[in-house]
Amino acid sequence: MANPGVHGASSSLSISLLGELAVMRDGEPVPLPASKRTRALLGYLVATARAQPRSALCDLLWDGPDDPRASLRWSLTKLRPLVDSFGVARLAADRERVAFEARGATVDVASTQALLAGGIPGLGLKALEQAATLLHGEFLDGLDLPMCYRFHHWYLSERERYGQLRRAVLETLVHRLAGDAARALPYARAMVAADPLAEATHATLVGLLGAAGRYPDAEAHYA
C-alpha cells in the first residue's frame with residue numbers, strides 16, 4: 001500500500017476528469033506533473049476506479065524498449081502527493097496491482113454516474129442543471145496520446161460516452177425550458193458547442209434567440 005501523504009487529514013480533495021484534468025485541495029488547484037503520461041495514468045486510475053495490473057498499465061502507457069515498470073514507479077511517486085492525505089492513502093499499490101480509492105474524495109465522473117443512474121428522462125430540472133454543470137467539457141480534454149494505442153482507444157471511447165451524455169442532458173434541459181427562452185439560451189449555446197455540426201442544434205438556438213427578442217443575434221447566428 002502507498003504511504004500516506006503529508007496533507008492534513010481534514011483537507012478536502014476533488015478530482016475533475018470532465019474538461020481538463022484538475023485536482024483541487026481545499027478549493028485550491030494542485031499543480032499537476034509535467035509528464036502527460038503521468039497525468040494520463042492518474043486519469044485512467046481515477047476513471048476506472050478499480051485495481052489495475054501493473055503489466056496492463058505498462059502496456060497502456062509505456063509499451064516500448066525502455067523500462068516500463070520503472071516509468072510506472074516514477075509516475076506513481078509523482079501522483080501520491082497529489083491525492084494522498086495524512087492517514088488517507090488513495091493510491092493503493094502492491095507488487096502486482098495499482099488502484100485509486102476515492103476514500104472521501106469527490107470525483108466528477110463518479111458524481112455524474114450517480115446522478116444519472118436512474119436515467120436522464122426521470123431527472124428533475126435542478127438535477128439536470130447539476131448534470132449539465134458536471135458535464136461541462138470533454139473527457140480528459142487535451143490528454144489524447146495517439147502513440148499509446150491502447151490508452152488512446154480507451155480515451156476516445158470514454159470521450160464519446162460522456163459526450164453523448166452531455167448532449168442528451170443539454171437537449172433535455174432546452175426542451176424542458178422551452179417556455180423560458182432566456183434561461184434556456186445558455187444550455188442551447190452549450191448544445192451547439194457540444195455538437196457544432198448538428199443543424200438542429202443551431203436551429204434551436206436561433207429559435208430561442210428570436211423568442212427572447214434578440215432578433216439581431218438570431219439573424220447573425222442564422223447567417
What verdict does the side-chain contact (heavy atoms from CB on, under 4.5 Å) test give for D144 and H152, after you've listed the backbone C-alpha separation in whole Å, the side-chain angles of each residue and the deciding distance to 0.1 Å? CA-CA 6 Å; D144 50 316; H152 194 63; 3.8 Å; yes
Before giving the answer on side-chain contact (heavy atoms from CB on, under 4.5 Å), spell out for F100 and L79 the whole-Å C-alpha distance, their side-chain angles and the decisive distance to 0.1 Å. CA-CA 10 Å; F100 172 81; L79 294 180; over 6 Å; no
Please test I15 against D108 for side-chain contact (heavy atoms from CB on, under 4.5 Å), starting from the C-alpha separation and ending with a verdict. CA-CA 7 Å; I15 301 176; D108 62 350; 6.0 Å; no
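Here the OG-CG distance, from S71 to L76, works out to 11.0 Å after rounding to the nearest 0.5 Å. Atom CD of Q52 is separated from atom CG of L72 by 11.0 Å, given to the nearest 0.5 angstrom. Remark: R97 CZ to R50 CZ distance equals 10.5 Å, nearest 0.5 Å. Between Y149 atom OH and D59 atom CG the span is 13.5 Å, to the nearest 0.5 Å. Distance CG/L140 to CG/L156: 11.5 Å, rounded to 0.5 Å.
In summary, E101 and R90 do not engage in a salt bridge, as defined by a charged side-chain N under 4.0 Å from a carboxylate O. The pair E160-R167 meets the salt-bridge criterion, since a charged nitrogen lies less than 4.0 angstrom from a carboxylate oxygen. With respect to E158 and R161, a salt bridge is recorded, a charged nitrogen being found less than 4.0 Å from a carboxylate O.
The main-chain N or O of A89 is found under 3.5 Å from a side-chain atom of R103 such that the two form a donor-acceptor pair. Of the possible donor and acceptor atoms, none in the side chain of S157 sits under 3.5 Å from a partner among the backbone N and O of H153. Put simply, the side chain of H136 gets close to the backbone of L18: a donor and an acceptor are under 3.5 Å apart. Here the side chain of D26 pairs no donor or acceptor atom with the backbone of E28 at under 3.5 angstrom.
Using a 4.5 Å cut-off on side-chain heavy atoms (C-beta onward), V174 and M191 make contact. In this structure, the side chains of L125 and L177 come closer than 4.5 Å at one or more pairs of heavy atoms. Looking at heavy atoms from C-beta onward, Y155 lies out of side-chain contact with C148 at the 4.5 angstrom threshold. In this structure the side chain of R39 reaches within 4.5 angstrom of the side chain of P33, judged on heavy atoms. Looking at L42 and V23, their side chains come closer than 4.5 Å, going by heavy atoms from C-beta outward. Taking 4.5 Å as the limit, some side-chain heavy atom of R54 sits within range of a side-chain heavy atom of R69. No side-chain heavy atom of R166 sits under 4.5 Å from any side-chain heavy atom of Y162. The shortest distance between side-chain heavy atoms of L57 and L45 falls below 4.5 Å.
Contact detail for A51 and A99: the closest heavy-atom pair is CA-CB, 3.5 Å.
Applying the 6.0 Å contact sphere to NZ of K36 captures more than 12 heavy atoms from other residues, nucleotides or ligands. No more than 12 heavy atoms of other residues, nucleotides or ligands lie within 6.0 Å of CD in E20, so this atom counts as exposed by the packing criterion.
Note on ring orientation: taking the six-membered ring where Trp is involved, the planes of W154 and F151 are tilted (angle from 30° to 60°).
Side-chain N/O atoms of E129 and Y187 include a donor and acceptor closer than 3.5 Å. Side-chain contact, S85 with R25: a donor N or O sits under 3.5 Å from an acceptor N or O. Under the 3.5 Å distance criterion, with hydrogens and angles disregarded, a donor-acceptor pair is assigned to the side chains of T38 and S75.
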